[in-house]
Amino acid sequence: MAKLPYRMYKPEEIESKWQRKWEADGLYHADIAPDQPKHYALTMLPYPSGDLHIGHWYAITPADARARFMRMRGFNVMFPMGFDAFGLPAENAAIKNKIHPKEWTYKNIERMRQQLRTMGAMFDWRREAVSSDPEYYRWSQWYFNQLYRHDLAYRKHSPVDWCPNCNTTLAREQVWGDDRHCERCGTPVIKKELEQWFFRTTRYADELLSFEGIDWPERVRALQTNWIGRSEGASVAFRTEQGDELEIFTTRPDTLWGATFMVLAPEHPLVAKITTPAQKPAVEQYVAEVIRQTDIQREATDKEKTGVFTGGYAINSVNDEKIPIWVADYVLMTYGSGAIMAVPAHDQRDLEFARKFNLEVRVVIQPPEMEQLDAKTMLEAVSAYGMMVNSGPLTGTPGDQASEKTIAYLEDRGIGEGAVNYRLRDWLISRQRYWGAPIPIVYCARCGTLPLPDEQLPVLLPDDVEWLPTGESPLKLHPTWRFTCCPVCGGEAERETDTMDTFMCSSWYHQRYLSPRYHEGPFDLKEYDYWMPVDVYTGGVEHAAMHLIYTRFFHKACRDMGIGKGDEPMLVLRNQGQILGPDGQRMSKSRGNVVDPDKQVRIYGADTVRAYLMFGYRWADGGPWDPGNIQGSSRWLQRVWSTILEDGRAGKPAGRVLKSLRRKVHQTLRSVTRDFEQFEFNTIVSALMELMNEMSKAKQEGVWGSDEWEEAVDYYLRMLAPVAPHISEELWALLGKAYSVHTQPWPTLDEQAAAEEQITLVVQVNGKVRDRITVPADIDDESARLTALQSKAVMKHLGDNKPRKVIVVPRKLVNFVL
RNA sequence: GCCGAAGUGGCGGAACAGGCAGACGCGCACGACUCAAAAUCGUGUUCCUUCGGGAGUGUGGGUUCGAUUCCCACCUUCGGCACCA
């Protein structure tokens, strides 16, 4: 073996060198290869906030390592990167620093591109997409038109959530927490009545509940299921005394005969008509009070019930009974029909209301295991199913058929039908801000609301705009921009001046990566057919009820519009956790606990930072940054460097030593392969550390220069390559191996070499470990038992007793039971 | 209240199909090297112990020869939803 000149491991010298070479060589270019299986690995694209955060490294490094692993396993891997570049932070920063949002954004993108390069990730930069480029948002607008033409986009006047700090409306998904605050800035939202654009996500509510064919974490599935909030029941038509139909939704049609009053939401359109002159002042005052309240005050669950009698009555369709109609704020206009039938005996909220206002309580369900219910004394509503009582023709129906039979009864008589309700709302996409894709709609006094013809896209965002937020769309304040001519009649017309929610732009970015400079459509179908769907999608779980619902909706809509294919955009989803500051708190500039990745790279090198982020945490959990722990990863790579590069003493190692080295190498390969497949990154690094410890010991015993050593080093560098791409490439080159380690195939596992010849048999007496004996791996049960019996420790614990039972688990243990 | 995830040494964490709890790393202790320190290398490191052992994976039960792992009940933490009819 040739003697190598000894050198120190200096990551700062080798890392940028290889990064430049890889890029110059196009080593990570992903092109269609029809004969090769493809793998589309996607990591959520960052927002260009200014600086790359350690959180970006934490998210991207393992995704990159796994993409590299898949490539070595023979897949044609695409791992693209881009920027989600529209959005409020650009405007906020612009206001603060008096710099144009566009300038701020593109400066940041340039800076982050450079920082991303220092990670040594295998991005194919030719596929980069930036959502604020006209060539990108042209297609966001085109998609808007498609949705509009397919009746999946519509404009509606309605009460919407408004962030008074961001000065814009928000989608329901962007309002968070008990205090209903803005997802971006934390300010509590208020309600405004506005004319806004929506996407019909509710049309897909049912389909979005199915996760068939995709492997997504339980956490995300549960969250989305929860968010969509499907309830099954019936809608029933009641009538007012004046003859108006009053529809209600109930999940308990079997309690219909127990309805003793009705409640309307204060905003319900029939309130004014129903209210009698005598009750008018009280009702008007109550409604005015409720409207003045915020949603937070109004929706507090622990609040005492309030309400007012309208003076009007409704007819219960099942028994023609006349029941009073009340107005109360515990009924929400946004769910169901904004009206309920109240069944106080079987609904806690209705019971509280009834007791407070002395309304009738009537038992219509008797669960078999409960004592006879007494409407006069009951303190808690009984929501359990049970036999229907006092329910006219359905009296006596058992609980398990009650709802079903009632629905059939309603349908027979044409007074109601089985119905499903969802919590999910349509997606409000209008934003009264500047830095977004303009909604490509024109309003013409003669021709009405018109989407701009596709060939007139993109509707360019003007640069010369006063972007300071006023509550009005900045585009509306531009002196000329909004005036245009009607695409149909050519007369004077005005543009829509709102921009689109940036989640619209990020709903389809994985398509743009396929062909970011394609001019004929949002993507080149050739590329789509080869690469889609995304095989592995990784990113933060905070998007579970926003981006991850929107993008599924978008994909299904595309499928139905004949643009895309398949039911789901991303087959496998995995979420990483969050890296916190060393103090265990969320990193923030104001707390001063921000860990700067650039600085860590300067100190330790990118490979060490990568290795530590993979090694130090369960990826899905994350945790506090530990400035001490990273030392372990740094020392490890130093050891890898010196153990592989420094000449060893030539010796005559025992065959046993060589065999055991080979065994460890193949065992490591087995576990590293499995862990890559299962996204368990921390144990990949620990297995590689173990192997290095073993190799270092074996080297002391003289294996250096042997075939086994050569194989160990070769395998080691290939296994290390996805984790630490620079040091492995450098060592690969220094050993004279053919460029590049990253285009090598993944090593081949020799199961026989990995098999243990000798095993440690655990010997127990009464389930307690008393001895450990080394035996041949293929020992039969009887010999195992006899060998174990000879153990001194066993003899001592057995004494004169004869074991009642002996359990032998092949290759594992022998247990003597007394 | 409902849904979901998670509780293992001083710390991050490991244990793959019910079979050696604590791999790997940090920290710490001791030793080697050094005039010395750092770095590096080596050894030890769950707790208690009368040195025989005993206890131990959030708590209490259960199944089993045997449970971090399976079942039941509960506690705690985190995340989501919540007057949703």
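- Of the two residues near RNA chain B, Lys697(A) and Asn693(A), the one whose nearest nucleotide lies more 5' is Asn693(A).
- Rounded to a whole Å, the CG atom of Asp178(A) is 13 Å from the C1' atom of C83(B).
- C84(B) and A6(B) are spaced 29 Å apart, taking the C1' atom of each and rounding to whole Å.
- Minimum atom distance to the side chain of Val817(A) is reached by C65(B), of the listed C20(B), C65(B), A85(B).
- Residue Gln764(A) places a side-chain atom within donor-acceptor reach of the base of G19(B), judged by atom type and a 3.5 Å distance cut-off alone.
- Judged by distance alone with a 3.5 Å cut-off, a donor-acceptor contact links the side chain of Asn815(A) to the base of C65(B).
- For a distance-only test at 3.5 Å, the side chain of Lys812(A) fails to qualify as a donor-acceptor partner of the base of C20(B).
- Each of C83(B), A85(B), A82(B) was ranked by its minimum atom distance to the side chain of Ile340(A); first place goes to A85(B).
- Atom name P, nucleotides G58(B) and G44(B): the rounded distance is 28 Å, in whole Å.
- Between Glu360(A) and Arg362(A) there is a salt bridge, with a side-chain nitrogen of the basic residue lying less than 4.0 Å from a carboxylate oxygen of the acidic one.
- For the P atom pair drawn from U63(B) and G52(B), the interatomic distance equals 36 Å after rounding to whole Å.
- Each of C24(B), C84(B), G19(B) was ranked by its minimum atom distance to the side chain of Met689(A); first place goes to C24(B).
- Within the structure, a side-chain polar atom (N or O) of Asn682(A) is placed less than 4.0 Å from OP1 or OP2 of A14(B).
- When distances are taken from the side chain of Arg618(A) to each of G4(B), A85(B), A14(B), the shortest belongs to A14(B).
- Rounding to the nearest 0.5 Å places CH2 of Trp176(A) at 9.0 Å from CZ of Arg184(A).
- Within the 4.0 angstrom heavy-atom criterion, no nucleotide atom of any strand lies near Trp636(A).
- A distance of about 14 Å separates the P atoms of A32(B) and A38(B), rounded to the whole Å.
- Of the side-chain N and O atoms in Thr683(A), none sit less than 4.0 angstrom from OP1 or OP2 of C24(B).
- Salt bridge annotation for Glu690(A)-Lys664(A): present, with a cationic side-chain nitrogen under 4.0 angstrom from a carboxylate oxygen.
- Among the protein residues, Gly622(A) comes within range of the sugar-phosphate backbone only, with heavy atoms under 4.0 Å from sugar or phosphate atoms but none that close to a base.
- Between Phe357(A) and Phe353(A), the ring planes are tilted. Angles from 30° to 60° get that label.
- In this structure, the CG atom of Leu351(A) is 15 Å from the C1' atom of A85(B), given to the nearest Å.
- Here the side chain of Thr250(A) is nearest to one of A15(B), G52(B), A85(B), namely A85(B).
- Here the side chain of Leu223(A) is nearest to one of G25(B), G80(B), C20(B), namely G80(B).
- Phosphate contact (OP1/OP2 of U40(B), side-chain N/O of Arg635(A), threshold under 4.0 Å): present.
- For U45(B) and A21(B), the P atoms lie 15 Å apart once the distance is rounded to whole Å.
- Put simply, the side chain of Arg423(A) and the base of C84(B) share no donor and acceptor less than 3.5 Å apart.
- The aromatic rings of Trp216(A) and Phe211(A) sit tilted, their planes meeting at an angle between 30° and 60°.
- The distance from atom CD1 of Ile579(A) to atom OH of Tyr58(A), rounded to the nearest 0.5 Å, is 5.0 Å.
- Taking atom C1' on both C33(B) and A15(B), the two are 37 Å apart, rounded to the nearest angstrom.
- Closest contact between the side chain of Lys796(A) and the listed nucleotides G19(B), G52(B), C83(B) involves G52(B).
- Taking the side chain of Arg639(A) as heavy atoms from C-beta on, and the options G42(B), G13(B), A85(B), the nearest nucleotide is G42(B).
- Each of Lys805(A) and Glu680(A) has a nearest nucleotide on RNA chain B; the 5'-most of these lies closest to Glu680(A).
- When only modelled atom types and interatomic distance are considered, Arg349(A) and Tyr330(A) share no side-chain donor-acceptor pair under 3.5 Å.
- Taking the C1' atoms as reference points, C65(B) lies 23 Å from G60(B), given to the whole Å.
- Leu691(A) has its CG atom 13 Å from the P atom of C24(B), to the nearest Å.
- In this structure, A32(B) forms a base pair with U40(B), meeting either the Watson-Crick or the G-U wobble geometry with both donor-acceptor distances under 3.5 Å.
- Of the listed nucleotides (A21(B), A15(B), A85(B)), A21(B) has the atom at the smallest distance from the side chain of Arg772(A).
- Taking the side chain of Val769(A) as heavy atoms from C-beta on, and the options G4(B), G54(B), A21(B), the nearest nucleotide is A21(B).
- With both ends at atom C1', the span from C2(B) to C70(B) equals 26 Å, rounded to whole Å.
- Contact check, Tyr335(A) against A85(B): a side-chain N or O comes under 4.0 Å of OP1 or OP2.
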